[in-house]
Amino acid sequence: MVRFKHRYLLCELVSDDPRCRLSLEDRVLDGLVRDTITRVHGTFGAAACSIGFAVRYLNAYTGVVLLRCRKDFYQLVWSALPFITYLENKGHRYPCFLNTLHVGGTIRTCQKFLIQYNRRQLLILLQNCPDEGERKAIRKSVTRSCLLEEEQGQEELSGSGSEEAALE
Amino acid sequence: MSNAKERKHAKKMRNQPTNVTLFSGFAANRSVKHYGGGGKPAQTQKPESRSGSAQQQESKVTHHSLRDPDVNEQSSSKVTFRKKGGWKAGPEGTSQEMPKYITASTFAQARAAEISAMLRAVTQKSSNSMVFQTLPRHMRRRAMSHNVKRLPQRLREIAQKEAEKTVHQKKEHSKNKCHKARRCHKNQMLEFNRRQKKNMWLETHIWHAKRFHMVKKWGYCLGERPTVKSHRACYRAMTNHCLLQDISYYCCLELKGKEEEILKALSRMCSIETGLTFAAVHCLSGKRQGSLMLYRANQYPREMLGPVTFIWKSERSAGGPAGSRQLWIWLHPTLREEILEEIKAACQCIEPIQSTICTPNSLLTPLQEKSQTGLPDEKIVTKRKRKDDGENAKPVKKVFGNRTRDAHQPCSWSSPATGIVVSDLTMEMNRYRLIGPLSHSVLTEALKAAAVHTGEEDTEKTPHSWWIETCRNPDDVSLHHRQEAIFEMLGGITSPAEIPAGTILGLTVGDPRINLPQKRFKALPDPEKCQDNERVRQLLMEGVPVECTHSFIWNQAICQSVTENKISDQDLNRMRSELLVPGSQLVLGPQESKIPILLIHQPGRVTGEDRRGWGSGWDVLLPKGWGMAFWIPFIYRGARVGGLKEGLVHSQYKRSPNIPGDFPDCPAGVLFAEEQAKNLLEKYKRRPPAKRPNYVKLGTLAPFCCPWGQLTRDWESREQTQGESCVASSPNSEVGDSGNGEGPRAAAPDKTLQFSAEEPREPEDMDTECQGQAGTQPVRDQDAALGGLCVVRERKLLKQLSSWCGPSSGGSWVPRRAPGRGQQDLTRETCLSILSRFPRALVWVSLSLLHKGSPEPYTMICVPTKEDLLHLSQDRFYCGPQESKHSDPFKSKLLKQKKEKRRRRQTASLEGQAGEEPAAGHEALTQGLWSGPLPTVTSHCSRLLLGFVTQGDFSMALGCGEALGFVSLTGLLDILSRQPARERGLVLLRPPASLQYRFARIAVEV
């Protein structure tokens, strides 16, 4: 098939300040990355990366961000990411940085990686948790994510909407 | 366009996770892309070099260390899932002050939610393709969609689900029998019998269904047109070769009784003025077939019922009951109900004959009952058979004849007073029509006269005892030989047009399947067969002698026995396979069936001057059950088969009116027109307004129907106003006519009803009549709906009109054709006297275009102005004037309606109600059609409207457009008297979807 080949950068926004998450939006992030590229790689870099650049997915709760760029210049984007140190929104500035988890050719591989990664995180969390109540809550979410996988299968079978999956 | 694109995109993104921000709670949208609350983008940030990978671990640690049991926070960042794919924060999550710390449980919840969203995205495919389509080509295998195991293991599960889904979507067909069982002969017969309960099948149905577009019409399943392109080929077949049609759907009514009684009863239903009646000498002797128009008793010229053809059985046996005759009336199925009722009323036949005990001639009744009751019996039998595995099940028989009729419904009626027995022989016989010059050859090749039975041996065994009986009688044998000789002679005659119209020939033929050729070929006439010039001349001059018209098909008992004793195709083929020399002639000897048939000559074009005798041919009447046995042999002799459309083409080239479309004054015709209008309107509405003609702008008031009633009424009122202006100058007897125009109509309330609902200008008394009539029976209403409309069928008047129509150059010889009649000149007096008799009449005319143009149905026939004719005389190639564009008065109304609709929808959506349809008060306007009552139809356009075309097409015979239609008699006389003698008969034609008028010459053909 003839298509534009992309690279998807799966990153994680890490910040000490939880309020940073508040300002995590795709517009803000888009501008931030573009500016950083301009700063680091100059006009050429900005122009080369601006084609096909987009924020494909963003989750403010987990801080996961999926960036898309063309395959030819993804290294310019990638190399510019460490230079992001602040996230600014509505006059607030929060120190943060982006941590690249995965570089994939399709969204799908990134999604698959993200599932694996999150599972690992949950397990680590479960192992390191001393508090019993917390432990219970974590276990619950772990089992839910596993259960969901099974439910997914059933849902697909029925082909109907996923109302059952919409847990509280 | 963009909407579809969006939908497609949405479908694709259905399972993809959406962005999740903390603001998505009140954005209430799946993504925050359009959320405009974002402040300035972070512009300048100091480059801080921190290695991300090193920081990662650190951040995790901070997360872990920062866990504090904070109930508030936990609730505030509660995560809820969106219904489709993504997930969003609860409304509480939008609280502006963010907590300082997060807990482990929140953290875990967020991760878990993300996992689920991702899982959904990964596992559910969002493309429209099947699973196996996602495989690369080299991994695809044959029949993957059928067999899951041909797929790679990892995809099998998904494919299985997919397959189940498609199975659900597929239409469930009865799975109680496997394909093989369904195709087995017995079950198939049962199924066929079931399927033809609602709409009758002809015997050639299966043959037709494989090759024709079938339509359900008039209670039958009929082939409309062949699936192959064959318009021209069928025309050629009619002109040069042979076209075959199955017209078994025509209904046959049988009248039995004393000749005088029948004639007396029927003479009230027809008029001598329209031509020959039932009592015509040739027809009455049984020598010829006659055709005439039936009217309601004593109602001529109004309340026409329809055209019929009839044959009398020849009076052969002088020894029989004196004067007892048999008459068959053949008619179109749409006319059947009306005519049957009327004939029953005329003959006073009220007593239905139920069973055999009444009269010996109603042999068909038990037969029919048998065929009716046969079906449930067989069903029971087969059910049992399925149980005990077919021990003593009687074989399912193909049912012949009328299957839709109720078993208890009588089909013959007798009259105690007149002694006439009327019976309905619908579907009791097959009728095939062969059209074209080669039909003789086809007939003589395909049919061989039955061998006369001579041997005395094994007379008991053969089932054809009736034939053996006949062969014992030397008179019958000699008659059979004479019939055979005449039939053989037909083979040498080049065209059926040479034979006197309506000739009847009876014959008894052998089984036509026996001498079926190996391959299909074209039968050609054999001139050697008519060497005997004297006898051929006699045949051509006088037709078949009366004795030879005798056929055993008139005898119901013999027909029944012939039907029952038919050797099945299977047996015949078996016998053929057992022949000693394969492919040699099969000789059955006395076992061979003998089938009585009747050949009826059909006259072709009988009117007009050119192409006389075009489209003539023969009709073959067969007893039921023998349909396919004769059908295939005919086709093997080179006959091409046509359907209903070809029948229409045939009648168009013959310039004869087509039943029932071209009989606007009979109830079937009115019904047909209504149906046609409905269909056309539906078809028109299916197109978007920009892609269909705006008939309002084109000035076409009635593109889908011909408002005959209004047309004639308009012309009548025009004539009246003219007449009143004339009255002052010439006080004549016509004053009374024009002045009292309303008088007789008011006296006859039945005829004053509106022609159709959309007619506007009705006098008040008519409207009141209309309301008063609302409760009467529908038949009457239909007749009344014609509004006193009638079609001129009086031959004398038509001849006169025909002579007036021609240009004066032809006027020198036209009177010669009718020398005896005093040919009147076209004067005002004669016109008025004609109009006094036919105030609202239509005339059947044929039109041929002078130059370009191909007319279509509903084309308007208009009156040319003086300037048009002047222009034409100056420029011979002047193709005609143009209608100026009309304005569309409905456009603003339509816009207003649309706006109102939109507003209402908006208010409805604001109120949150489901959009109820409030358009009850408004009649729905259709853009491009005249809505509401029609204005004066005659003077709506720049040229006066004279009539409408009902059939029209490019004529392959003439090489120019040709049309048939009706014009108002008043209008025709008006223009004929106005036009100068040299240009008499010139009119303009304008198709409904065009502004261009074309010149055409009008002709009344008698």
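No experiment lies behind these values; they were computed from the predicted model shown. Lettering of chains follows the sequences in order, A, B, ..., and the numbering in each one begins at 1.
Nearest heavy-atom pair across A:Leu125 and B:Ala108 is CD2-CB, 3.9 Å.
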Quiz item: Is there a side chain to side chain donor-acceptor pair (under 3.5 Å) between B:Glu114 and A:Tyr117 once you walk through the steps?
Solution: CA-CA 11 Å; B:Glu114 198 175 47; A:Tyr117 174 76; over 6 Å; no
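With B:Met118 as the fixed residue, the side chain to side chain contact (heavy atoms under 4.5 Å, CB included) test singles out one of A:Val64, A:Asn59, A:Ile115: A:Ile115.
With sequence neighbours excluded, no residue forms a salt bridge (charged side-chain N to carboxylate O under 4.0 Å, His left out) with A:Asp72. Looking at residues two or more places apart in sequence or on another chain, you find no side-chain hydrogen bond (donor to acceptor under 3.5 Å, both in side chains) involving A:His102.
Rounding to the nearest 0.5 Å places OG1 of A:Thr62 at 13.0 Å from CD of B:Gln109. With rounding to the nearest 0.5 Å, the separation of CD in A:Gln121 from CD1 in B:Ile115 is 9.5 Å.
Using a 4.5 Å cut-off between heavy atoms, A:Leu81 does not touch chain B at all.
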